[in-house]
Amino acid sequence: MIRLGQFLKLAGLVEHGGEAKEVIAAGDVLVNGESETRRGRQLHVGDVVRLRGQAARVADEATFTDDLPW
């Protein structure tokens with residue numbers, strides 16, 4: 001598991017934690033198609049996070065073979 005704010009940085013969807021906090025608070029982040037405003041939301045393998053037309057999936061390398069990062 002990983003928290004939403006940390007994942008946004010790890011996946012390269014934001015540059016720093018302050019930016020993550022801002023876009024999450026603004027409701028700009030979607031988790032599995034639903035707006036998420038909790039920076040500490042626990043993400044699990046298979047969750048898809050979208051921001052500004054980009055998407056990343058929470059995965060381990062052995063689980064998914066699609067074109068989404070992470």
Hey, quick one: are L30 and L4 part of the same hydrophobic cluster, counting side-chain heavy atoms closer than 4.5 Å, chains of contacts allowed? no

Smallest heavy-atom separation, A55 atom then V48 atom, equals CB-CG1, 4.3 Å

List the atom of L8, the atom of A20, and the distance in Å for their closest heavy-atom pair. CD1-CB, 4.1 Å

Any donor-acceptor N/O pair, E19 side chain to E15 backbone, under 3.5 Å: yes

Could you tell me the separation between the CG atom of D47 and the CD1 atom of I2, rounded to the nearest 0.5 Å? 11.5 Å

Apply side-chain contact (heavy atoms from CB on, under 4.5 Å) to L13 and V23, showing your working. CA-CA 10 Å; L13 297 175; V23 297; over 6 Å; no

Would you mind writing out the side-chain donor-acceptor pairs for residues 35-44 within the sub-3.5 Å range, not counting sequence neighbours?
unit_1	atom_1	unit_2	atom_2	d
S35	OG	G27	O	3.2
E36	OE1	R38	NH2	3.1
E36	OE1	R41	NH1	2.8
E36	OE2	R38	N	3.0
E36	OE2	R38	NE	2.8

